[in-house]
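Inspection log for the structure reproduced underneath, given as C-alpha cells.
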There are 2 protein chains.
Amino acid sequence: MDNSLRSPRYIQVYAAIRDWIYQGTYKPGQRLPTESELCDLFGVSRITTRKAVDMLVDEELVVRQPGRGTFVVEDLADAPVVGDMEQLLRKVERLGKNTRVARAEVQEQVADAETRKDLRLADGARVQRASHVRLLDKEPIGYVVTYIPADLDVRFDLNELNESPMLTLLERKGVDIASCDQVITATLADGRLAGLLNTTVGAPLVHLRLMVFDSRRRPVERLVAWYRAEHYHHHVHLTRKSR
Amino acid sequence: MDNSLRSPRYIQVYAAIRDWIYQGTYKPGQRLPTESELCDLFGVSRITTRKAVDMLVDEELVVRQPGRGTFVVEDLADAPVVGDMEQLLRKVERLGKNTRVARAEVQEQVADAETRKDLRLADGARVQRASHVRLLDKEPIGYVVTYIPADLDVRFDLNELNESPMLTLLERKGVDIASCDQVITATLADGRLAGLLNTTVGAPLVHLRLMVFDSRRRPVERLVAWYRAEHYHHHVHLTRKSR
DNA sequence: GGCGGCAAGTTGTATTAACATCATGACCAC
DNA sequence: GTGGTCATGATGTTAATACAACTTGCCGCC
C-alpha cells in the first residue's frame with residue numbers, strides 16, 4: 001500500500017477489492033482470499049483489512065460466512081439500493097403517532113395466491129389480514145393492507161392496530177425483524193380506492209409493497225399500500241463512503 | 001456492559017446512545033460525551049466505542065467533527081432513508097448501457113426559478129439543460145431533464161449524452177460526487193409527457209427528483225424525470241444491524 | 001493591539017494481540 | 001458403517017496502545 005497517497009489504507013484496500021469484483025477478477029459466488037491472505041497481499045494489519053471488507057459488506061457486494069470465508073454476492077446485476085432498516089422502523093413509529101386510522105378491520109382467513117407466494121405458504125394456509133385507512137388531520141392519505149402468517153402465532157386485535165402500525169406491534173411482540181424489501185411504483189385510483197381515499201377515480205397514487213423478513217430470512221409480513229401522491233414523497237438520501 | 005448477553009458490546013453501546021438520542025437525553029445539535037468519556041462510562045475500549053458510534057454515523061443520527069466532538073444531527077424529525085450512493089452510480093451506469101436515448105437536446109440557458117433555488121444560484125445565473133427520452137427496446141420508458149450549473153465548467157455535447165447518463169459523465173469529468181437526495185412520488189401524464197412517452201393522457205407516472213452534491217455539499221446536478229409506472233419499480237432493500 | 005505559535009483536547013488511522021464462534025473434514029470408538 | 005470428537009482454519013469480537021490530523025483557545029512576542 002502506498003502511504004504517500006492522501007487516502008487511508010483501508011480505503012485503498014476497499015477500492016482494490018471492489019475493482020476486482022467489478023472487473024471480474026473475482027466473480028459472483030466466488031470466495032475472496034481470506035482476511036489474513038489479504039493482509040499479506042496488501043501489507044496491512046487485519047483491522048485495516050476488516051474495515052475495508054466491512055465497507056463491501058455494507059454495500060452488499062460481498063457476504064461473510066463465519067468459518068467458511070467471504071464470498072462475492074450472486075446477483076450483482078440488479079442489486080437494489082441498500083439501506084438501514086432502523087430508520088424505517090422509526091419512521092413507521094412516528095407515522096403511527098402523528099396519524100390516525102379509520103375503517104380498521106382484522107380477520108383470519110385463507111391466504112390468496114399472491115400472499116401465499118410472497119409469504120411462502122402452502123395451499124390453504126391461513127393468514128391474519130388487517131387493513132385500514134390512514135388519516136392525517138382527518139384527511140385520508142393512504143390505504144394499507146397487511147398479511148401475517150397464522151403460524152407465526154402472533155395475534156392482533158383492533159384496539160392495538162388503532163394505536164400502532166403493524167411493524168411496531170410485531171417488534172413489540174418479539175418478532176425479530178431483520179430486513180425488508182420495498183418496491184415503490186405509481187398507479188391510478190380505481191373506484192374502490194377513490195372511495196376509501198376520498199379522491200377521484202384516476203387520481204395518481206403511490207403504490208408500495210413491503211416484504212418483511214426475520215433474521216432467518218423467513219417472511220413475517222406482507223404489506224400492500226396505496227397513498228395519495230400529494231401526501232406521499234419517498235425521500236432517499238444517499239452518501240458515498242469514498243472514491 | 002453486561003457480557004452475559006449474547007449481543008456484542010459495541011451493539012449494546014450503540015443501542016444505549018441511540019436511545020439517549022431518541023429519548024432526548026442528548027438533543028439535536030448537542031455534543032455527545034467524547035469517545036474516551038464514553039469508554040469510561042461503558043467500561044469498554046475505544047475500538048468498541050468507535051464501532052458503536054460508527055453505526056450511528058452510518059445512520060446519520062450523529063456527525064463527527066474532527067478536533068471538536070460528536071454531535072446529534074439537527075433534523076432528527078423527518079430524516080430520510082439513508083443508503084449508499086455507490087449503488088446508485090452503478091445502477092445508472094448499467095441503465096446507460098442497457099437502454100438508448102432519443103430526442104436528446106442540450107443547451108446553455110438562464111436558470112428558471114426552481115432550478116436556481118435547488119442549485120443555489122443567483123438571479124440570471126446560467127445552466128446547461130439536457131433532456132432526453134430513454135428507450136428500452138425502442139419503447140419510451142422515461143423522460144429525463146438535467147440541469148448543471150454553468151460555473152461548474154463542465155461541458156457536454158450530444159454525442160456524449162447519447163452514450164452515458166449525465167451522472168456517469170460528471171464523474172468521468174472529475175466532479176467529486178459525494179451524496180444525493182432522491183424524492184419519488186406519483187403523477188399523471190399530461191399531454192406533452194403522454195406524447196413523449198408514447199402513452200395516454202392520465203397514465204400513471206413515477207416522478208423522480210434528484211439533487212446531487214459534491215463533497216463540499218455544493219449542488220452539482222439537478223435531475224427531474226418521469227417514468228412510465230409499468231417500467232419503473234423503485235426497489236429498496238433494508239437491513240438491520242442489530243437489536 | 002495584533003499576530004503567530006504552542007498546548008490541549010478530540011477524532012482519524014493503524015498495529016499487535018488474544019480469544020470466541022462457526023464450519024468442515026479427518027479420525028477414532030463403537 | 002455410523003456417529004461422536006477433535007483439530008484446523010475461517011470470520012467475529014474486544015483490548016491496549018500509539019501516533020496523526022484537526023480545532024480551539026491561550027499566551028507570549030512583536
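Side-chain contact, B/Tyr14 with B/Glu59: a donor N or O sits under 3.5 Å from an acceptor N or O. One side chain, A/Asp112 or A/Thr115, offers a donor N or O that lies under 3.5 Å from an acceptor on the other.
Salt bridge absent: B/Arg172 and B/Glu160 never bring a charged side-chain N and a carboxylate O closer than 4.0 Å.
Taking side-chain N and O atoms only, A/Arg9 has a distance below 4.0 Å to OP1 or OP2 of C/dT15. Taking side-chain N and O atoms only, B/Tyr10 has no distance below 4.0 Å to OP1 or OP2 of D/dT14. Between A/Thr70 and D/dA10 there is no side-chain N or O to OP1 or OP2 distance below 4.0 Å.
A/Phe71 has its CZ atom 11 Å from the C1' atom of D/dT11, to the nearest Å. Whole-Å rounding puts the A/Gln65 CD to D/dG12 C1' distance at 14 Å. Rounded to whole angstrom, the span from the CZ atom of A/Arg68 across to the P atom of D/dA10 amounts to 12 Å. Atom P of nucleotide D/dA15 and atom CG of B/Leu38 are separated by 14 Å, given to the nearest angstrom. Protein atom CD of B/Glu35 is 16 Å distant from nucleotide atom C1' of D/dA16, rounded to whole Å. When the P atom of C/dG12 is taken as reference, atom NZ of A/Lys51 falls 8 Å away, rounded to whole Å. Between A/Arg50 atom CZ and C/dT15 atom P there is a gap of 15 Å when expressed in whole angstrom units. In this entry the distance linking CZ of B/Arg46 with C1' of D/dT14 reads 15 Å, nearest Å.
Residue-level contact check: A/Ser36 touches neither bases nor backbone, having no heavy atom under 4.0 Å from any strand. A/Ser45 comes within 4.0 angstrom of a nucleotide base, judged by non-hydrogen atoms across all strands.
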For Watson-Crick and G-U wobble pairs within 3.5 Å on both distances, what is DNA chain C written in dot-bracket notation, | included for inter-strand pairing? ||||||||||||||||||||||||||||||
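The 5' end of DNA chain D is approached more closely, in terms of each residue's nearest nucleotide, by A/Glu37 than by the other of A/Glu37 and B/Pro66. Comparing B/Thr49 and A/Gly69 by the nucleotide of DNA chain D whose heavy atom lies nearest to each, the residue mapping closer to the 5' end is A/Gly69.
Distances were taken from every side-chain heavy atom of A/Thr34 (C-beta onward) to each of D/dA16, C/dT11, D/dT11; the shortest belongs to D/dT11. The listed nucleotides are D/dT14, D/dA10, D/dT11; the one nearest the side chain of A/Arg31 is D/dA10. Of the listed nucleotides (D/dG12, C/dT15, C/dT11), C/dT15 has the atom at the smallest distance from the side chain of B/Ile47.
Aromatic ring centres of B/Trp20 and B/Phe42: separated by under 6.0 Å.
Under a cut-off of 6.0 angstrom, the local environment of NZ in B/Lys173 is crowded, with over 12 non-hydrogen atoms contributed by other residues, nucleotides or ligands. Within a 6.0 Å sphere centred on CD of B/Glu163, other residues, nucleotides and ligands contribute 12 heavy atoms or fewer.
In this structure, CE in A/Met55 is found 10.5 Å from CD1 in A/Ile17, a value given to the nearest 0.5 Å.
Under a cutoff of 6.0 Å and an axis angle of 45°, B/Arg218 and B/Phe213 do not form a cation-pi pair.
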